Amino acid sequence: MTGGAYAFFSPATAQDAKTDAELIEQGRELFLVGCSSCHGVNGEGINAKREGYQYGPSLVGVGAAAVDFQVDTGRMPMAQPGQQAPRKESVYNDDEIAAMAAFVASLGPGPAVPSEADYSIDGMSEAEREAAIVRGGQIFLTNCTACHNFNGQGGAMPEGGYAPSLKGVEEKHIYQAMLTGPQSMDNFSDGNLSPEQKRDVIAYLKSIEEQPEYGGFTLGGLGPVSEGMFAWLLGIGGMVGFAVWIAAHSTRSKKDKVEA
């Protein structure tokens with residue numbers, strides 16, 4: 001009677017446990033095919049023979065959020081090891097990504113995939129969004145502009161790396177990038193930036209996407225680099241060219257008078 005009552009009242013729990021195990025096994029099979037050549041069959045990472053060079057880092061403890069970000073944005077798997085994985089079309093569907101994330105999460109504790117309530121700003125009122133934009137702008141300008149530019153357009157970094165543009169990036173992926181610190185990016189865990197602060201940063205980034213460019217020609221929004229190049233090539237360069245033209249014209253005029 002006890003066994004029958006237990007089976008009657010808790011079948012869903014037993015089924016969920018079985019489903020989790022199946023999901024992890026499915027993720028392991030996908031991992032072995034698409035990821036193990038760089039990250040090892042158990043996610044332990046693979047070092048190359050050349051000192052200081054690594055085919056793929058260890059994935060033990062990176063958590064499901066890191067896998068969801070890297071695979072969903074198409075950065076992983078890479079065609080070949082390189083300085084930085086570019087964003088591209090994902091080769092896996094949502095179910096396969098969830099299975100791979102579950103497998104990597106089983107290797108060690110790490111950040112879980114955030115829920116929509118963590119990163120979505122759709123439920124904010126107008127006043128709440130404006131306040132969030134102000135707070136998020138302060139956080140972004142303090143911590144992120146050195147790499148991503150004040151306008152979120154990205155920029156070059158040392159040793160061939162680059163900070164990608166944040167324009168048009170999904171809210172979920174912005175949140176996951178702050179949470180997991182992919183590649184050269186710093187890791188802003190919940191201890192550094194709370195989920196509310198991360199959501200404030202997202203609100204700020206979405207606000208600058210919608211903001212019109214009052215200055216007209218934006219020069220790519222890259223700040224002093226593109227503006228300085230524009231000033232040197234067209235501004236000072238044009239003035240030098242005009243000065244040369246005046247000098248050449250004056251010389252011809254003097255020659256004409258001497259000949260006359």
Side-chain angles (χ1 to χ4, degrees), residues 52-53 69-70 73-76 78-89 121 129-130 132-171 173-178 181-188 193 198 200-260:
Y53 187 78
F69 171 82
Q70 295 283 3
T73 60
R75 289 178 167 86
M76 294 292 161
M78 296 178 68
Q80 60 182 10
Q83 180 62 29
Q84 186 161 328
R87 178 169 185 158
K88 57 185 184 297
E89 195 70 25
I121 60 175
R129 180 169 297 195
E130 290 179 0
I133 290 172
V134 173
R135 295 191 300 266
Q138 293 174 344
I139 296 171
F140 185 85
L141 295 174
T142 302
N143 298 281
C144 312
T145 53
C147 298
H148 287 285
N149 187 303
F150 71 97
N151 202 24
Q153 290 282 14
M157 296 183 66
E159 300 181 357
Y162 62 91
S165 172
L166 301 177
K167 298 293 182 67
V169 180
E170 295 180 19
E171 298 172 1
H173 294 155
I174 296 174
Y175 189 98
Q176 288 176 324
M178 289 188 282
Q183 296 168 96
S184 300
M185 182 170 171
D186 291 330
N187 185 332
F188 297 97
L193 285 181
K198 293 184 179 70
D200 291 342
V201 173
I202 293 172
Y204 170 74
L205 291 173
K206 293 305 175 183
S207 72
I208 61 177
E209 285 184 7
E210 303 167 357
Q211 184 176 357
E213 299 290 350
Y214 297 105
F217 189 35
T218 64
L219 303 176
L222 297 178
V225 175
S226 59
E227 293 168 5
M229 184 177 66
F230 181 86
W232 275 100
L233 295 181
L234 297 182
I236 298 178
M239 293 173 64
V240 170
F242 187 62
V244 171
W245 180 84
I246 292 176
H249 181 73
S250 300
T251 302
R252 286 197 300 270
S253 300
K254 291 179 180 179
K255 288 182 178 179
D256 293 340
K257 290 180 180 180
V258 171
E259 291 175 356

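We use all heavy atoms of the structure for the numbers below, so side chains are in, but hydrogens, waters and symmetry mates are not. Being a predicted model, the structure only gives us computed values, none of them experimental.
Judged purely by atom type and a 3.5 angstrom limit, K167 has no side-chain atom pairing as donor or acceptor with the backbone of E209. Not a single donor-acceptor pair under 3.5 Å links the side chain of H148 to the backbone N or O of S165. Judged by distance alone, with hydrogens and angles left aside, the side-chain atoms of Q183 form a donor-acceptor pair with the main-chain N or O of A85 at under 3.5 Å. Checked by atom type and distance alone, the side chain of N149 pairs as donor or acceptor with a backbone atom of N151 at under 3.5 Å.
For the pair Q138/D200, no side-chain contact is recorded, criterion being any heavy-atom separation below 4.5 Å from C-beta on. Put simply, the side chain of R75 reaches to within 4.5 Å of the side chain of P164, judged on heavy atoms. Looking at heavy atoms from C-beta onward, V134 lies out of side-chain contact with E130 at the 4.5 angstrom threshold. Between I139 and Y204 the shortest side-chain heavy-atom distance does not fall below 4.5 Å.
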Dump the intermediate steps for side chain to side chain contact (heavy atoms under 4.5 Å, CB included) on N143 and F188, then the final yes or no. CA-CA 10 Å; N143 298 281; F188 297 97; 4.1 Å; yes
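E171 CD to K198 NZ: the interatomic distance, rounded to the nearest 0.5 Å, is 15.0 Å. Here CE of M178 is found 11.5 Å from CG of N187. Values are rounded to the nearest 0.5 Å.
The nearest pair of heavy atoms linking I133 to A203 is CG1-O, 3.6 Å. Contact detail for C147 and M157: the closest heavy-atom pair is SG-CE, 3.8 Å. Pairing each heavy atom of V169 with each of K206, the nearest pair is O-NZ, 2.6 Å. Between F69 and A177 the shortest heavy-atom distance is CE1-CB, 4.0 Å.
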